[in-house]
Amino acid sequence: MAPQQDAGGAFVTETKLRRGRCGRPRLDPEAVRSQTIGVRVSAAEFEALQAKAEQLGLTPAHYLREAALKRRLPDPPVPAVNREQYAELARLAANLNQLTRLANEGTFVTVTESHLQRLAGEVNRLRLALIGVERGA
């Protein structure tokens, strides 16, 4: 396109406006929520969720997402074997504590080398059992 002169003698060029993409910019592909989890709730549960979400200025979906992903859940239950081993370790520690208390009070306490070795071996066995390692493996 050739430049044209206006009435004052200045050159005027006609430019076409370039149309860019309109609308919201695309999200990072990692941030796009493409998966759906269906959760059925009763009418009363939905009303309760909606009320809690409104108090925080959120939609029910956003409230559930935040509640599920941001809150700390209870610890998983401790396996029965760990509870048993923990109880055994507690008894062992209580006996050792009684001996230590007597020794600190000035009572003469005799602990043989073999008893100390057995105690150390038992502590190691219990530690390994708590993490699921079999003895001799």
Side-chain angles (χ1 to χ4, degrees):
M1 229 178 226
Q4 299 175 355
Q5 283 188 332
D6 66 358
F11 285 100
V12 177
T13 58
E14 189 176 316
T15 59
K16 290 186 178 180
L17 293 177
R18 291 186 63 197
R19 296 205 132 221
R21 293 187 177 246
C22 297
R24 185 171 147 185
R26 290 182 183 232
L27 290 175
D28 175 31
E30 293 293 320
V32 174
R33 292 188 178 110
S34 60
Q35 304 300 312
T36 301
I37 298 174
V39 178
R40 292 191 180 271
V41 294
S42 68
E45 290 171 331
F46 183 76
E47 288 177 18
L49 285 170
Q50 202 166 23
K52 288 182 178 187
E54 284 177 9
Q55 286 176 349
L56 299 173
L58 303 173
T59 64
H62 191 178
Y63 174 78
L64 285 175
R65 188 179 309 110
E66 290 293 317
L69 297 176
K70 302 289 179 168
R71 291 194 180 164
R72 187 173 182 270
L73 295 174
D75 292 329
V78 178
V81 67
N82 284 15
R83 279 187 262 127
E84 293 166 7
Q85 297 297 323
Y86 185 83
E88 192 175 333
L89 186 58
R91 285 190 295 277
L92 186 63
N95 291 340
L96 185 58
N97 190 40
Q98 288 173 356
L99 289 173
T100 304
R101 185 175 49 85
L102 288 172
N104 284 335
E105 289 175 351
T107 304
F108 185 71
V109 177
T110 303
V111 180
T112 64
E113 182 71 27
S114 66
H115 281 103
L116 289 176
Q117 287 176 352
R118 271 187 51 217
L119 179 63
E122 191 65 15
V123 167
N124 274 338
R125 184 187 70 75
L126 289 169
R127 288 179 60 226
L128 291 174
L130 286 172
I131 60 172
V133 177
E134 295 292 325
R135 183 169 225 182

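- From His115, atom NE2 reaches atom CG of Leu99 across 9.5 Å, with rounding to the nearest 0.5 Å.
- The local environment of CZ in Arg118 is sparse, with at most 12 non-hydrogen atoms from other residues, nucleotides or ligands closer than 6.0 Å.
- Within the structure, side-chain hydrogen bond (donor to acceptor under 3.5 Å, both in side chains) contacts touching residues 88-99 (residues at least two apart or in different chains) are Glu88-Arg125.
- Between Arg101 and Glu105, at least one side-chain N (NZ, or NE/NH1/NH2) sits under 4.0 Å from a carboxylate O, which counts as a salt bridge.
- Hydrophobic clustering places Leu96 together with Leu89 (ILVMFWY residues linked when any side-chain heavy atoms are closer than 4.5 Å, directly or through intermediates).
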Would you be so kind as to tabulate the donor-acceptor pairs closer than 3.5 Å made by side chains of residues 38-60, with sequence neighbours excluded?
from  : atom 1 : to    : atom 2 : distance (Å)
Ser42 : OG     : Glu45 : N      : 3.2
Ser42 : OG     : Glu45 : OE1    : 3.4
Glu45 : OE1    : Ser42 : N      : 2.8
Thr59 : OG1    : His62 : N      : 3.1

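- Residues Leu102 and Val111 share a hydrophobic cluster, clusters being chains of Ile/Leu/Val/Met/Phe/Trp/Tyr side chains in contact below 4.5 Å.
- Within a 6.0 Å sphere centred on CD1 of Ile37, other residues, nucleotides and ligands contribute 12 heavy atoms or fewer.
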Sequence neighbours left out, cut at 3.5 Å: what donor-acceptor pairs do the side chains of residues 28-36 make with other protein atoms?
none

